[in-house]
Amino acid sequence: MALERIQKVMAEQGMCSRRAAEQIILEGRVKVNGHPVRLGDKMDINRDVISIDGQRIRLEKKQEMHYLMLHKPRGFVTTTSDDRGRKTVMDLVSEYPVRVFPVGRLDKDSEGLLLLTNDGNFANLMMHPSHGVSKLYRVTVRPRAEEEQIIALSKGVTLDDGTVTQPAVINVVVDEPGRTVMEMTIKEGKNREIRRMCQAVGLEVIRLRRNAMGAVKMGMLQPGQYRELTKSEVAALRAAAQKGKAKAQTQQSQQQAEERRQKAQKRGAKQTRRPARRG
């Protein structure tokens with residue numbers, strides 16, 4: 001009997017990403033064999049029955065993975081369903097024969113490249129903040145961006161929640177009275193990050209379009225249209241994420257080693273200052 005963590009099963013079966021699965025479990029919406037489950041519980045996909053919100057989910061023992069690129073138009077929300085009745089990106093892929101879900105999100109007023117898949121592990125790899133897959137945006141702001149504001153954005157700014165963004169690569173495309181059009185490349189995935197970055201330096205984003213992720217470009221794909229990624233595109237995205245993951249692990253190891261070194265120095269300093277005992 002092969003037991004696997006339930007959130008891992010949900011992700012691999014294309015129900016949602018691993019993070020989303022964990023949240024759904026924490027909300028008490030998942031049952032196995034009729035019993036509520038907790039985060040970390042395991043199940044046997046060959047024998048156990050899983051349900052979400054009372055609806056049984058049929059599990060496939062061997063599932064074919066699908067990867068789509070969608071040109072998300074403005075006005076659509078990036079979610080699998082919306083209780084407010086708004087248009088979702090799922091409406092645009094409703095005719096696709098396999099159930100997929102969005103990888104990350106673009107807010108309602110943003111447009112451009114959005115990935116969808118039924119591969120939960122791939123989605124988790126793409127969305128993890130430390131993996132650093134680059135994302136290229138075309139950003140129109142008002143008023144005209146001054147040189148000081150562009151330099152600040154490129155170095156990293158403090159957001160409204162106190163976090164500091166990583167440096168961004170910025171190329172000014174149009175510079176005219178009243179507005180500036182920039183290409184911005186970032187490697188993080190904070191909520192509404194570009195808009196919040198610009199707001200932090202006194203600029204308002206009036207149009208935002210994501211044109212690329214890693215080496216994968218949206219190209220001539222029209223708003224509302226989608227296509228399957230090629231095998232080479234999927235491989236390129238995986239490679240970029242794995243490279244970022246390895247770099248993050250190396251940095252973490254170096255930081256931990258430096259912390260251990262500093263602690264050892266402090267212990268050594270205390271022992272040096274300790275007065276000698278009199279005989």
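For clarity, every value in this text was computed on a predicted model and none was experimentally measured.
Residues passing the side chain to side chain contact (heavy atoms under 4.5 Å, CB included) test with Asp107, sequence neighbours excluded: Asp109, Ser110, Arg192, Arg195. For the side chain to side chain donor-acceptor pair (under 3.5 Å) test, residues two or more places apart in sequence or in another chain that qualify with Thr163 are Asp161. Arg138 is linked by a side chain to side chain donor-acceptor pair (under 3.5 Å) to nothing, counting only residues two or more places apart in sequence or in another chain.
Around atom CD of Glu27, more than 12 heavy atoms belonging to other residues, nucleotides or ligands sit under 6.0 Å away. The environment of Glu147 atom CD is sparse: at most 12 non-hydrogen atoms of other residues, nucleotides or ligands sit within 6.0 angstrom. Sparse packing is recorded around NZ of Lys31, with 12 or fewer heavy atoms of other residues, nucleotides or ligands lying under 6.0 Å away.
Side-chain atoms of Asp48 come within 3.5 Å of backbone N or O of Asp44 as a donor-acceptor pair. With Thr78 contributing its side chain and Leu106 its backbone, the two residues share a donor-acceptor pair below 3.5 Å. Side-chain N or O atoms of Asn118 include none that pairs as donor or acceptor with a backbone N or O of Val100 at under 3.5 Å. Using modelled atom types, no side-chain atom of Glu204 and backbone atom of Gly202 make a donor-acceptor pair closer than 3.5 Å. Side-chain atoms of Gln149 come within 3.5 Å of backbone atoms of Val201 as a donor-acceptor pair (strictly under, hydrogens ignored). Using a distance-only test at 3.5 Å, with no hydrogens or angles considered, a donor-acceptor pair links the side chain of Glu233 to the main chain of Thr230. For the pair His71 (side chain) and Leu221 (backbone), a donor-acceptor distance under 3.5 Å is present. The backbone N or O of Gly40 sits nowhere less than 3.5 Å from a side-chain atom of Lys42 that would complete a donor-acceptor pair. Between the side chain of Gln55 and the backbone N or O of Ile52, no donor-acceptor pair lies under 3.5 Å.
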- Item | Steps toward side-chain contact (heavy atoms from CB on, under 4.5 Å) verdict (Leu115, Leu229) | CA-CA 9 Å; Leu115 302 180; Leu229 295 181; 4.0 Å; yes
- Task: May I have the step-by-step check of side-chain contact (heavy atoms from CB on, under 4.5 Å) for Leu114 and Val103, ending in yes or no?
- Result: CA-CA 7 Å; Leu114 180 70; Val103 178; 6.0 Å; no
- Given the rule in the side-chain contact (heavy atoms from CB on, under 4.5 Å) test, do Asn211 and Leu113 qualify, once you have shown the distances and angles that lead to the verdict? CA-CA 6 Å; Asn211 285 338; Leu113 190 158; over 6 Å; no
- Start with the C-alpha distance between Tyr226 and Leu92, add both sets of side-chain angles, then the distance that settles side-chain contact (heavy atoms from CB on, under 4.5 Å), and finish with yes or no. CA-CA 8 Å; Tyr226 65 89; Leu92 300 171; 5.6 Å; no
- With side-chain hydrogen bond (donor to acceptor under 3.5 Å, both in side chains) as the test, would you mind laying out the steps for Asp119 and Tyr67 before giving the verdict? CA-CA 8 Å; Asp119 185 344; Tyr67 310 89; 2.6 Å; yes
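With contacts defined as side-chain heavy-atom distances shorter than 4.5 Å, the pair Ile6/Val30 qualifies. In this structure, the side chains of Val141 and Arg179 stay at 4.5 Å or more apart for every pair of heavy atoms.
Separation of atoms CG (Leu70) and OH (Tyr96) is listed at 12.5 Å; rounding is to 0.5 Å. Atom CE of Met10 is separated from atom CZ of Arg5 by 14.5 Å, given to the nearest 0.5 angstrom.
Residue Val174 shares its hydrophobic cluster (ILVMFWY side chains chained together at separations under 4.5 Å) with Val173, Val181.
For the side-chain hydrogen bond (donor to acceptor under 3.5 Å, both in side chains) test with Glu111, the passing option among Arg207, Arg210, Arg209 is Arg207; the others fail.
A salt bridge (Lys or Arg N to Asp or Glu O under 4.0 Å) check over residues 83-99, counting only residues at least two apart or in different chains, returns the pairs Asp82-Arg86.
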Identify all side-chain donor-acceptor contacts of residues 153-160 below 3.5 Å with residues at least two apart in sequence or on another chain.
residue, atom, partner, partner atom, Å
Ser154, OG, Ile150, O, 3.4
Ser154, OG, Ile151, O, 2.7
Asp160, OD1, Arg196, NE, 3.2
Asp160, OD1, Arg196, NH2, 2.8

